[in-house]
Each structure stands twice: as C-alpha cells, then as structure tokens.
Amino acid sequence: NPIEKSIPCRLPIHRRLLTVTATGPATHVLPEHTPTKIGEKNYRSPEVLRKGESSGGRWSKPIVRRKTKIVCTIGPSTDTKEMIWKLAEAGMNVARLNMSHGDHASHQKVIDLVKEYNAQSKDNVIAIMLDTKVGGMMSLLVKSKTEDSVKCEVVDGGELKSRRHLNVRGKSATLPSITEKDWDDIKFGVDNQVDFYAVSFVKDAEVIHELKNYLKSCGADIQVIPKIESADSIPNLHSIITASDGAMVARGDLGAELPIEEVPLLQEEIIRTCRSMGKAVIVATNMLESMIVHPTPTRAEVSDIAIAVREGADAVMLSGETAHGKFPLKAVNVMHTVSLRTESSIMGSGTVFSLNQAFKNHVSEMFAYHATSMSNTLGTSIVVFTRTSSMAVLLSHYRPNGTIFAFTDNKRVQQKLALYQGVCPIYMEFSDDAEETFANALVVLKNQGMMKEVSSEMFFFISVFCHMAAIDSHISDCSSVS
Ligand SMILES: Nc1ncnc2c1ncn2[C@@H]1O[C@H](COP(=O)(O)OP(=O)(O)OP(=O)(O)O)[C@@H](O)[C@H]1O
Ligand SMILES: CC(=O)C(=O)O
C-alpha cells in the first residue's frame, strides 16, 4: 500500500516490539447495579480469571483477558442505545446486522449507535458486521411435482414466514450468492463503512473476487467473510478461504444442506483450514439457543462453546439469543465465562502454533513466531504497533498465551482487529518520534489498568517496533501484488 509509511526509527533494534505484564479485565465488566431489560436480573460480569505465574514467569502474574471474541446479532431485543452499551460492556466485540430482517433505517440506527459507543469509549471498540442473508428452518418431504410446483408434506413444522429460502439436502440452494437485494445492502455497508461482510451461500471463490473487486473500485476497506453453509462450498473450501479474509461456520444452513452429523467434522476442518492460512474464523448458530427463552444454558451448549474455543476459533457468535431472546446479556456473559475458563485450560504451553505457508513474508513470520515464543516463555503480553493490522493479525494467528496489545493510529484498523483472537486493539496517535509513541503506549496501558507497573525488568523488547510498522506495510504491499 503506497500510502503506508513507516514510523521513523530512532529506537535501538531490540527495543521496538515489546511484551508487557498485563492486568485488567478481559472485557468490560458491567457496573454492579445495571438496570435490566426483558426479564434479566441484575448481575455482574465475572471478574476475569487470575492465572498463576507461567513456567518462566518471574516477570508476571497476569490477569488473563478473554481471547475468543464474541459476535452478537442485534435485533429487537438489543437495538436500543441502552442495550448496545450493555452488550459492549458485557463483552460483545462485533455487532452483526442480519440484512434479511429489519430495513436500512433500522440497521442505520444500530450502526449509528455502535459508532456513538466507539466514539465515547476510551478502552473498548465494537466492529460492525453486515450479513447478507435469507433463512428459515422447517423440513418438508416432496410428495409429487409438476413442472413448476411441488407438493410437500410437513415433516418438522414451524412458523413459515415470507421470503424464506429452500435447502435441498445434499444439494446446494440455487441462489445466486449475491442477489440484487444484497448489492443494495453491500452499498449500504460501503456508505456506512462497516468492517465486515458475512456473505451467504458462497459456493466458490468467484463471488469473493467479484465482491472484492467491487470494494476495491469504491475504495472501501471492508473485510469479506464467506459463510460456509452450502454443500457446494465444501469442495471449494480452500480456494474460497484463500480469496477471503476468513470464514464463518454457518452451522444452521450447513446442517440443512448436508447430513447433520457432518457439521462438527466440517467445523473442525474449516477452523483448521482458516488457521493454517492465517484467516479469521467464526463459529455460528445455536451456540446458546436455549437461552432465547431460558436464563441458563444447557450443558451441551456450554460444551459446544468450549469445543469451538479449543478448536481455535477467533470468535463465537450469538444469533437469536441476542437478536430476539429474553436474556441477551446473560447469553453474552455465559459465552464470556465459558470462553475464558476454556482458554485458561489450554494456555501455558510454550509451543507456538505454526502457520502453513500462510504468509510468504518470512521475516515478518519470524518476528511474530519468535515474539510469541518469547512472550510464552516469559509469561508476558505483546505490544505491537500497526498501521494496517497485518502484524497484529499475524501475531494473533500464532496464538500467544498473553494478550496482543495492538496500537494503531487508524480507527478502522482498530475496529477490524476487534474480531481477531487475543488482540486488544487500542487507538492512539503515533508521534514522528518513535520513542515518544512508545512511551505514550505505555502510559495508555497503565492508565487503562492494563498493565500493573512500568519497570524495565518487566519489559521485554523482543522485536522491532519501527520495523513492525514497516513490515506491516510490506505485507500489504505483497498481498496487493500477489
Ligand atoms: N434486524 C432484525 N429485526 C427483526 N428481527 C430480527 C433482526 N435480526 C434478527 N432478528 C430475529 O432474530 C432471529 C435470529 O436471528 P438470525 O440472524 O439468526 O436470523 P435467522 O433468520 O434466524 O437465521 P439466519 O442466520 O439463517 O438468517 C431472526 O429469525 C429474527 O426473528
Ligand atoms: C449463521 C447462519 O446463517 C447459519 O448458521 O445458517
């Protein structure tokens, strides 16, 4: 990206990407007496877990932040200022707008509220995801057919609303991936500078290229996340994910198009594929379905979240639970605590996850790999300075044990990073003087309670601050060339 410029470098080489001892809550903790809506009693989000010193951790006694991010679908239960604020404080990282419901005016209101929240929040940011989607869930058995109609018997009934689509088991729905209505919604997303598109019924990489070309032609910086939900997408998984910025395991439609027993296996495969390619991956649908009407989850739902976290998803998603459920805040709270607890059981090993050729730029890979390895050994967090997000994303995919504090001078980058596992994105103006930028970052970490104290002993300047910014740009250059 020619606009990128590196931060002038006045720091010695060993002092530029650093790890710090982190403290503070993983997400924002609800105030004790938050008034409630729709049947929810007052409650507090739990304190984050305290973790003991890690193996080599004479440097730290970190309080662990939740790494797995939470996507919340916004609907009638949550589309007010009060609820957006509370969701954000309870742990929502990404607000999802399902374009098959509501209209542009109602989605505009939510977008404006999220932006208002972001503008006033000092230490939290919510990304916006726009989902181009049509949906429904009943089973019908075809009894007879004519040229233009079929007679069906209802096997599993339900409420059939208008504008529902049809899945034929074993076959992909013959819907175009991007419909006329979707183009309308996509333009709406461009106008509103949303962060992510979740694209429904992607069958091959062609549609991703089409959308990316369109976004490029409008100069829009929006990441494209295909929803893997159609039978036809499975043979093309690799090329679809290669062309995209990530993927969503859209288990609702996936389980309608393919035998339901395939869903967990596909979930594992999609997560593995995304992770090996350094792309974001979201696990979606039915995660806390019973909490649409009940205040507590089933044990199976808790296990489902734990499995997604263990498999290494960047994010887990709530749909009806937050869109039209009775207990949206409790659902977020359950996701938060289950993720946090599960993460605490898988952290601690010094082993660094390895990317398979995901990034061809070996120098950046090595920085990220070794920064991760060192921070794991020392039990510290990592601070990275990024203008494009790429180095923070790369670090995220190595899954360091500590938090990745990603400082950026670009609000869009900050919002985008909200989706990535383990990344705590922080907006800060960068000074021309790297030393000053560096010092300012430490002040921010300290003032926001993310770091206990600043002492030279507690810091490990593992890698290269200014070079990170330069490499960051270099990766963007490379990817736009390739
Ligand atoms: N913006 C909205 N306005 C009104 N209702 C909404 C909105 N968003 C979601 N809902 C309600 O919440 C439910 C769950 O949301 P979700 O996003 O999972 O949609 P869905 O239609 O059930 O499934 P799919 O994800 O397959 O589109 C919807 O069926 C709808 O009843
Ligand atoms: C999320 C979604 O669209 C699905 O699970 O089908």
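In this text, all values refer to a predicted model and were calculated from it rather than measured experimentally. Every number for a ligand or one of its atoms is a count from 1 in the order of the listing.
Within the 4.0 Å heavy-atom shell around ligand 1 one finds Ile74.
Contact annotation: for Asp253 versus ligand 1, heavy atoms closer than 4.0 Å belong to the side chain alone. Only the backbone of Arg251 comes within 4.0 Å of ligand 2, counting heavy atoms alone; no side-chain atom from C-beta on gets that close. Only the side chain of Pro76 comes within 4.0 Å of ligand 1, judged by heavy-atom distances.
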Would Leu258 and Val263 count as a side-chain contact (heavy atoms from CB on, under 4.5 Å) here? Give the steps. CA-CA 8 Å; Leu258 289 168; Val263 173; over 6 Å; no

Would Asp221 and Lys416 count as a salt bridge (Lys or Arg N to Asp or Glu O under 4.0 Å) if you check the C-alpha gap in whole Å, the side-chain angles of each, and the deciding distance to 0.1 Å? CA-CA 10 Å; Asp221 175 23; Lys416 188 193 305 181; 3.5 Å; yes

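Numbered from 1 in the order shown, with element, the atoms of ligand 2 that lie under 4.0 Å from a heavy atom of Gly252 read 4 (C), 5 (O), 6 (O). When each atom of ligand 1 is checked for a heavy atom of Ala323 under 4.0 Å away, the hits are 9 (C), 10 (N), 12 (O). Taking a cut-off of under 4.0 Å to the non-hydrogen atoms of Ser319, the atoms of ligand 1 that pass are 18 (O). Near Asn98, meaning under 4.0 Å from any of its heavy atoms, are these atoms of ligand 1: 16 (P), 17 (O), 19 (O), 24 (P), 25 (O), 27 (O). Close contacts between ligand 2 and Ala250 involve ligand atoms 1 (C), 2 (C), 4 (C), 5 (O), 6 (O) [criterion: under 4.0 Å to a heavy atom].
Between the side chains of Asp103 and Ser106, at least one donor N or O sits under 3.5 Å from an acceptor N or O.
For Lys227, no nitrogen or oxygen atom sits less than 3.5 Å from a nitrogen or oxygen atom of ligand 1, counting backbone and side chain alike. Ligand 1 has no nitrogen or oxygen under 3.5 angstrom from a nitrogen or oxygen of Thr73. Residue contacts with ligand 1: His107 is placed with no nitrogen or oxygen under 3.5 Å of a nitrogen or oxygen of the ligand (distance criterion only). By the 3.5 Å distance cut-off applied to N or O atoms, Lys227 is counted among the residues near ligand 2.
Once rounded to the nearest 0.5 Å, the distance linking CG of Leu318 with CE of Met291 reads 9.0 Å. Note: His107 NE2 to Asp79 CG = 10.0 Å, rounded to the nearest 0.5 Å. Taken to the nearest 0.5 Å, the CD atom of Glu311 stands 10.0 Å off from the CZ atom of Arg275. To the nearest 0.5 Å, the span separating CD1 on Ile74 from CG on Leu113 amounts to 9.5 Å.
Using the six-membered ring where Trp is involved, Tyr420 and Phe196 have ring planes that are tilted, between 30° and 60° apart.
Considering every non-hydrogen atom in both Asp185 and Leu130, the closest pair reads O-CD1, 3.8 Å.
The heavy atom nearest to atom 20 (P) of ligand 1, considering only His101, Met99, Met248, is found in His101. For atom 5 (O) of ligand 2, the nearest non-hydrogen atom from the set Ile282, Thr285, Leu254 belongs to Thr285. Across the listed options Gly320, Ala284, Ser77, Ser200, Gly320 owns the non-hydrogen atom lying nearest to atom 15 (O) of ligand 1.
With a 6.0 Å radius and a threshold of 12 heavy atoms from other residues, nucleotides or ligands, Glu180 has its CD atom at or below the threshold.
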